[in-house]
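Computed from a prediction, not measured in an experiment: that's the story for all the values here. Here is how names work: the chains are called A, B, and so on, in the same order as the sequence lines, proteins then strands, and each is numbered from 1. In what follows, every heavy atom counts, from backbone to side chain, and hydrogens, waters and symmetry copies are set aside.
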Protein chains: 2
Amino acid sequence: MEFPNTGDFLAGRLRDKLGHDDLEYIESLVVERREAETGEVLLSRGAIADTSTILISGYMFRTIESGNQRFIVGLHVPGDFVDLHGFALKRLDHNVVAAGPVVYGVAPHEQLREALEERPRVARALWFATLLDAAIHRKWIQMLEQLDAPRRIAHIYCELHRRFELIGQANARSLRTPFTQIDLADMCGVSAIHANRAVGKLRELGLGEIRRGDLYTSDWDALRKYAQFEPDYLYGDGPLRFDQDWL
Amino acid sequence: MEFPNTGDFLAGRLRDKLGHDDLEYIESLVVERREAETGEVLLSRGAIADTSTILISGYMFRTIESGNQRFIVGLHVPGDFVDLHGFALKRLDHNVVAAGPVVYGVAPHEQLREALEERPRVARALWFATLLDAAIHRKWIQMLEQLDAPRRIAHIYCELHRRFELIGQANARSLRTPFTQIDLADMCGVSAIHANRAVGKLRELGLGEIRRGDLYTSDWDALRKYAQFEPDYLYGDGPLRFDQDWL
DNA sequence: ACCGTCTACTGATGCATGTTAGCTTCCGTG
DNA sequence: CACGGAAGCTAACATGCATCAGTAGACGGT
């Protein structure tokens, strides 16, 4: 994966929503490429940022700290802008942390502001990206209200798998992540011990084997059914399909 | 409360973020005022809307249905646009339901689109509103991951109280809502029976009395402490204060 | 090779919450 | 006034999950 101007690493989720020149334009906003290690805090709550960040490879967490405890409130996959909201809100209400080794790009707000003013299609695509984040948040709320721990874990992996499908990077029999069981626990709102039992239950049920964060399964459909996973909220190809005409 | 052109019922949360003429402009987008009864579904998942809705009085729920069960994933108070995201996403991923008797305004997308193009400050204020929704979603995720049922209920009332403060409608000793204990249960992801226990516990602890949805308390601070409520995420006056200069 | 640390895993016990069932109070309506 | 439905409430038992205690393997540093 080269950089810059390769034309295939950026704006993953928007890839088939925008024309070639808009995509190239978005790429051109990224002036620098950086790397970070597991656990590195890329953006801190309360800090004022003058750049926005796009994830190129790896995973990032959105976390909220509260009394020595960490809560994971969102996940990001390659191609996601992780802090577009920081552009408009100025100060972030949460942290952004590297879930494993990551590569990311940096886009100065100054140039983003210019983009918003001069490229209405790009402006709306970026707005769409933040609205998609909100839709995913809502699904997590429902997931936490409805599902028990094993199903929450299954749902998270199903969501990630679908998100990788949407950027053409899904694998038929596995999904590789750097997540520890502690990470899974912090996403699901359960203790690490219980996350371990939940992982054990998925194995026991024959739905999937999670080893060092990597999920191996022979039957995604069974896993999706178990987790009651319905992908509509990701605005891919289903009934809620994102309306391209609008852009 | 008259209509239209009263200048004081709309854009509650944006009131002190925009100038007078921008507020008037937003008001002018609302071409019709309507009413609805408890439980009425104002917007259905999957439907295509050509208008956006602003809540004038009462409460609305955002709900997701799943297998005969209803999950409440968000709340709205007067002055909130409840479906701005419907404007950009076209199809909604969830329902919007009247939590009690409501009055609301309707703004055609056509005019909103014009507003976005001709009034960059208004466009950014509306974007801010959707980002604020997302920040609230994140807080709910954390709340569900961290708190037990009594604290979740307390947190929800503290959040509502603060949101009413921000639009100048808070009451020092009470907060009136039309919520049933079933509604509270569906917000907290617990059974109705357990919501009842949680309400009983708050009463037992002397933190507040909830009767037919109305909360009476003599000590908001104690309630906030119990719920570990930190209002920063609402982007009011705290350290995360919304940056007016930016608009 | 040794040590400490991090991650995965297991069992025992208690609290939080779900489920089922039945009862009461309130309120609108015939 | 009688009635019925919806909301609030209570009890008894079952399950989910937290907590505490402890073991074992992987890994990096010395």
Under 3.5 Å, side-chain donor or acceptor atoms of residues 195-208 of chain A against the rest of the protein: list the pairs with distances, not counting sequence neighbours.
| from | atom 1 | to | atom 2 | distance (Å) |
| --- | --- | --- | --- | --- |
| A/N196 | ND2 | A/Q181 | OE1 | 2.9 |
| A/R203 | NE | A/E209 | OE2 | 3.2 |

- request: State, yes or no, whether a side-chain contact exists between A/R45 and A/I64 at a heavy-atom distance under 4.5 Å.
  value: no
- prompt: With side chains defined as the heavy atoms from C-beta onward, is the minimum distance between A/Y157 and A/I210 less than 4.5 Å?
  reply: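 With C-beta onward as the side chain, the pair touches.
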- request: With sequence neighbours left out, write down each residue that passes ring-ring contact (aromatic ring centres under 6.0 Å, His included) with B/H137, or none if nothing qualifies.
  value: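 Per chain and number, B/H137 pairs via ring-ring contact (aromatic ring centres under 6.0 Å, His included) with no residue.
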query: Taking the inter-plane angle between the rings of B/H155 and B/Y233 on a 0 to 90° scale, is it parallel (under 30°), tilted (30 to 60°) or perpendicular (over 60°)?
result: parallel
query: Should the ring pair B/Y59 and B/F179 be called parallel, tilted or perpendicular, given that the plane angle runs from 0 to 90° and is split at 30 and 60?
result: perpendicular
message: For the backbone of A/R173 and the side chain of A/N171, can you confirm whether one donor and one acceptor N or O come within less than 3.5 Å of each other?
response: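 Pair found, side chain donor or acceptor close to backbone of A/R173.
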- prompt: If only atom types and distance count, is the side chain of A/D186 paired as donor or acceptor with the main-chain N or O of A/D183 below 3.5 Å?
  reply: no
- prompt: Nearest-Å distance, CD (A/E37) to P (D/dG28)?
  reply: 13 Å
- prompt: Over its full length, what angle do the end axes of the helix from C/dA1-D/dT30 to C/dG30-D/dC1 make, each axis taken from five pairs and the result rounded to 10 degrees?
  reply: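 The end-segment axes of the helix from C/dA1-D/dT30 to C/dG30-D/dC1 are tilted 40° relative to each other.
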For the pair [X] and [Y], find out whether any cationic side-chain nitrogen is under 4.0 Å from an anionic carboxylate oxygen.
X	Y	answer
B/R211	B/D214	no
B/D93	B/R62	no
A/D232	A/R162	no
A/D221	A/R224	yes

statement: Per the under-4.0 Å heavy-atom filter, residues of residues 147-154 of chain B near DNA chain C come out as B/D148, B/A149
- request: Would you jot down, in residue-number order, the residues of residues 185-206 of chain B having a non-hydrogen atom under 4.0 Å from DNA chain C?
  value: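 Residues of residues 185-206 of chain B that come under 4.0 Å of DNA chain C are, in numerical order, B/G189, B/V190, B/S191, B/I193, B/H194, B/R197.
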query: Quick one: how far along DNA chain C does chain A reach, first to last nucleotide 5' to 3', anything under 4.0 Å to a heavy atom?
result: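 Both ends considered, the range comes out as C/dT7 to C/dA12.
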